[in-house]
Structures are given as C-alpha cells and as structure tokens.
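Naming convention: chains lettered A, B, ... in sequence-line order (proteins, then strands); numbering from 1 in each chain.
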2 protein chains.
Amino acid sequence: MLVCQESLFTEAPPATGGIIVPSKNSKEPRETLNRERVLRAAVSLADECGIDSVTMRELGRRLEVKAASLYNHIASRDDLLGGMVDLALSEIAVPTEGVFWKETMRRRAISAREVFARHRWAAGLIDSRDRTGPDSLAYVDRVLGVLIQAGFSPAAAANAFLVLDSYLYGFERQRPDVSIEDGFERSEAARKILAAIPHGGYQNAARVAMEYAEHPFDQEAAFEFGLGLILDGLERQLGADSTRR
Amino acid sequence: MLVCQESLFTEAPPATGGIIVPSKNSKEPRETLNRERVLRAAVSLADECGIDSVTMRELGRRLEVKAASLYNHIASRDDLLGGMVDLALSEIAVPTEGVFWKETMRRRAISAREVFARHRWAAGLIDSRDRTGPDSLAYVDRVLGVLIQAGFSPAAAANAFLVLDSYLYGFERQRPDVSIEDGFERSEAARKILAAIPHGGYQNAARVAMEYAEHPFDQEAAFEFGLGLILDGLERQLGADSTRR
DNA sequence: GAGAATGTACTAACAGTGTTAGTATGTCAA
DNA sequence: TTGACATACTAACACTGTTAGTACATTCTC
C-alpha cells in the first residue's frame, strides 16, 4: 500500500502545523505505543521496503515518534529483529495432530514457504537467534510431538526436525529472485554462460541453461521435490527402526 | 594469532614517530595494496573477530592504510563481502571426476562444512549474491558435470545441486553454538524446558532434552544423517528415471 | 484532592558507519 | 623532463544505533 522511496519530509511534518494532519488536535492524544505495535510496524516496513530500511529513525517516522522513543518498548535493534522473526514464524501453520505425520510436515513446510514469500527478509534473519520464547518453545514442542507420536524416538524426531528446517531455511536463502516470467535465460548468469560456450567453457552449465530456456525453472516444484526426498527418507528410516525393534 | 579486542590505538601509531615501528623508513616503501590482499585481510579479520568487526576503518588499520584508500581496490563494502564469500567458497574441495558421484557429492558437502567451520561468517553471507564470477561458474559447471555424467538429466542435475546446497547452507545457519562439552543440557533452552515440566509444559521437548542429557548431541552425525537421506533419495530417483527410459 | 511515582516521548548529543571529493606523492612511459 | 597514472591521504558528508537528561501526562497512594 504505502510507497517506499524516501519520504518527502526528512523529518515528520510538524505536529502543530495542522496542514498535513488536520485531524490531530490536542483533544485527541495519540494512542500510546507498545511493543507489539512497534514490531508490527517494523514487519510491514520490512515487507514493503526491505530489511535494510528498518532503521530506528525510519521506524519512528512511520509511528510518528522519534527514534529514541522506541527504546521504551524494545531493548535494542537486535531485540527488534528477534521480535520480528518471532512474529513471522508465528504465522507458520501449526501442525494438526491426527493427520499422517508426513502430510503434517509437508504442510508445515509449504506454509513456512508461504510465510517466507510474504516476509522475504525473515529467512535471512534466522540464525542462532535463541528462540527460547514461550511461543517458539510451544511450537517446537508441538512439531516434536507429531513426530514422536508417529513413532520416532525423541532423538530421531529432533534430528528429523533439524534436517527438515535446514532444508527449508537453506532453500529460502538460495531462492533466486528471478520470477518465472523473467526466466533464467534472461539472467546475467545465463548471459555469461552462453557467452562462454563458443570458447568451450561451462558446457554443463550451458546444457542446464538451454534446458531452462525451453522449460522455465519451476521453483515450487524444485522445493517440493527436495522436500519429498527428505520425507521419504525419514519414512524409510522410521520403518527400518520399527521393524528392527 | 592476532588478538581481537579494540586496538590500543584508536588510530594507527603515527608513521613518522619511529617509536613503535622502528624498521619503517622512507627507504623501504611499503608494498602496494591490491584487491587480493584486501580480501585476504578481510577474511582473516572476520575469522578472528567476527564479521561485524570487518569495517572499512578496522580493515584499513590492519593493512596500515586509511579506510578511504581501500576504495582503490574494491568498489564497495558489498563488493568486499562478495569477494570474501568467493574466496571462502573457493576453498571447498573440487569434486574429482571418475569417482562414484555419490561419494563425490558427499565429500564435497563435508569439505564445505569444514570450510564453514573455518569461516563461520561465510554461511550467513550466502544469499542471492550473484556468484557469476568465472571461478564460481567454473565450480558450478564442474559439479553439474559430475551429476550429468552420472546419468542425471541437466534439469535433474540442477535440481539435485540446489537441494543439496540448500541443506548444506541451511544446516550451517542453524548450527548451534553449543559445543559438545557445553552440552544441550546446560543451554538456556534446556533450562526453560526442564523448568516447565512440573507444570506439564513442553513434554515432547523435555523428552528430547533428557535424551540429550544422556547422549550428547552429535552435530556431525546429524549432518551426515540428513546428507545421506538426500543422497539416497537422489540415487533412487536416478535409478527410477533410467529404468523408465 | 495532594503528592509521589511511573511511564512515555522529547531534545541533544556521542561514537561509530560507508562513502565521496579533492589533493598530494610517487612510479612508470614517452 | 614531462605527462599520465595509480595510490594513499585529509576532510567531510549523511547516516547509523544508542544514551543521558528533561518535560509532561497519567496513575497510584496517602
């Protein structure tokens, strides 16, 4: 909705001016800020303008507050980013018990991918941020529950969880920015590869490039292919473990 | 070798002083800088002190040069980071042809993991950075060659490559900082989980925590478990495709 | 109600960041 | 010797996160 380019005012328009913001008089004191409002504003700012534009001053500008005031609600910028990640991750659909575990985990992964599509900055912020908040822990607990109930040992469940999320986050980080319309063949990499063919270079990459020129790269299919690979492998391991027992 | 804490001098000691740096006289003009020296210095600085301490001024201090001078050799800080990633990735062992593809890919992954252990900042910098330099392209071409020669179609080879690297980078990003000595049971997450048990919370996470208390988490084993899962899946897909044909 | 305590937002400033313009200096080629 | 070029320098810019101190309004306590 809101445009991104630097605002016309480097500072917020003077509150007493009354020209731009006519409805604001002293009778209507502005609603007070809180942590959640700050986090939500930061998320939507990042969604619209990228994570780099989430600066204290810009965020303050959006909330019609000076940057320093934000520190009444967050401890630091790092705290802010952590809260944003938490907020984004909380949008990932919760696995429902009672469904076959494989389907549950697949849906969770696809839901996560949708979340990362909405919040393209999120995957890049997930690292060793501790994620020990009650919401995160509850979420982890529920996922582990699905796996344990399916027959995985606690350690195997944790392993499966780790492997799945590694793939999930890793795929997201590599997500190429090219849309299908743009197509690989118009990317710079393709240009360089194709330019090198006459000199005998990059023959294998060239074959891939030509393949993609005919059938454009389907990101979704590629993701689900790898996901299926891992889920099948986990299922096989589960079967092997349970028959051995 | 070199310590990290802020240097004793906020500025480099005056070059003309001759007290700290006695051997430097005008007869011995310092060796001139170049892009590679800058990149290597940045890598070792990041290795020793973390990526956050790779600032233009600190890097200049290490090279006994003012920050602005670095711009004679790199275009921007982003260019610097890109070059550092390139340098790190070039340390990943090149797959050798003639060996069974699965073993080749496994070795490549493990080599990459060693590289990421040496350069802990590297995995975090790999994103949609373009990687279209000649070295990167040659590397990609070689990996694709191994897969295509093994019987994968060009598209399937690219898919396999993407899936494997997603897992690789993703696992690295999630790599917990706890060493085995520290152990999971002493981590903050474990503390919170165990504290919640009496109230009936996080039961599944608790079972995992107790499991890890007995048998500490083996990161290497977990990584290779997932890697094996993916490689087995790829092999199965390869077999199915070739028999169908 | 009076006074104290609390919470919020403000101004001003600090030290640090990446980056650019303009200037000196030294090294090679013509 | 002269000119061109590359390099490193100083100085400055606009920006960053963050803190200290202050003003004001609300809420709690007596």
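- Dashed line: the shortest gap from a side-chain N or O of H73(B) to OP1 or OP2 of dA8(D) is under 4.0 Å.
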- Task: Would you please test R35(A) and V38(A) for side chain to side chain contact (heavy atoms under 4.5 Å, CB included) and show each step?
- Result: CA-CA 5 Å; R35(A) 182 179 169 91; V38(A) 172; 5.7 Å; no
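- Atom-to-atom, CZ of R61(B) to C1' of dC9(D) comes out at 16 Å; the value is rounded to the nearest Å.
- The phosphate of dT7(D) (OP1 or OP2) has no side-chain N or O of S69(B) nearer than 4.0 angstrom.
- L70(B) places its CG atom 9 Å from the P atom of dC9(D), with the value rounded to the nearest Å.
- Under 4.0 Å is where a charged nitrogen must lie from a carboxylate oxygen, and between E36(B) and R40(B) at least one such pair does.
- For N72(B) against dA6(D), a side-chain-to-base donor-acceptor contact under 3.5 Å is absent.
- Ring to ring, Y167(B) and F223(B) are close: their centroids are under 6.0 angstrom apart.
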Using a cutoff of under 3.5 Å, can you pull out all pairs of nitrogen or oxygen atoms linking the protein to nucleotides 18-22 of chain C, with atom names and distances?
from    : atom 1 : to     : atom 2 : distance (Å)
dG18(C) : OP1    : M56(B) : N      : 3.4
dG18(C) : OP1    : R77(B) : NE     : 3.1
dG18(C) : OP2    : M56(B) : N      : 2.9
dG18(C) : N7     : R57(B) : NH1    : 2.8
dG18(C) : O6     : R57(B) : NH2    : 3.1
dT19(C) : OP2    : Y71(B) : OH     : 2.7
dT19(C) : OP2    : R77(B) : N      : 2.7
dT19(C) : O5'    : Y71(B) : OH     : 3.2

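- Residue E64(B) contributes atom CD, which lies 16 Å from atom C1' of dT7(D) at whole-angstrom precision.
- Taking atom CG of N34(B) as the reference point, atom P of dT7(D) lies 9 Å away to the nearest angstrom.
- Here dC10(C) presents its C1' atom at 14 Å from CG of L33(A), a figure rounded to the nearest Å.
- In terms of the side chain to side chain donor-acceptor pair (under 3.5 Å) criterion, residue partners of H119(A) (sequence neighbours excluded) are, by chain and number, D47(A), E91(A).
- At least one donor-acceptor pair under 3.5 Å links the side chain of S53(A) to the backbone N or O of C49(A).
- Residues meeting the side chain to side chain donor-acceptor pair (under 3.5 Å) test with R57(A), sequence neighbours left out: none.
- Rounded to whole Å, the distance from CG on L59(A) to P on dC15(D) is 17 Å.
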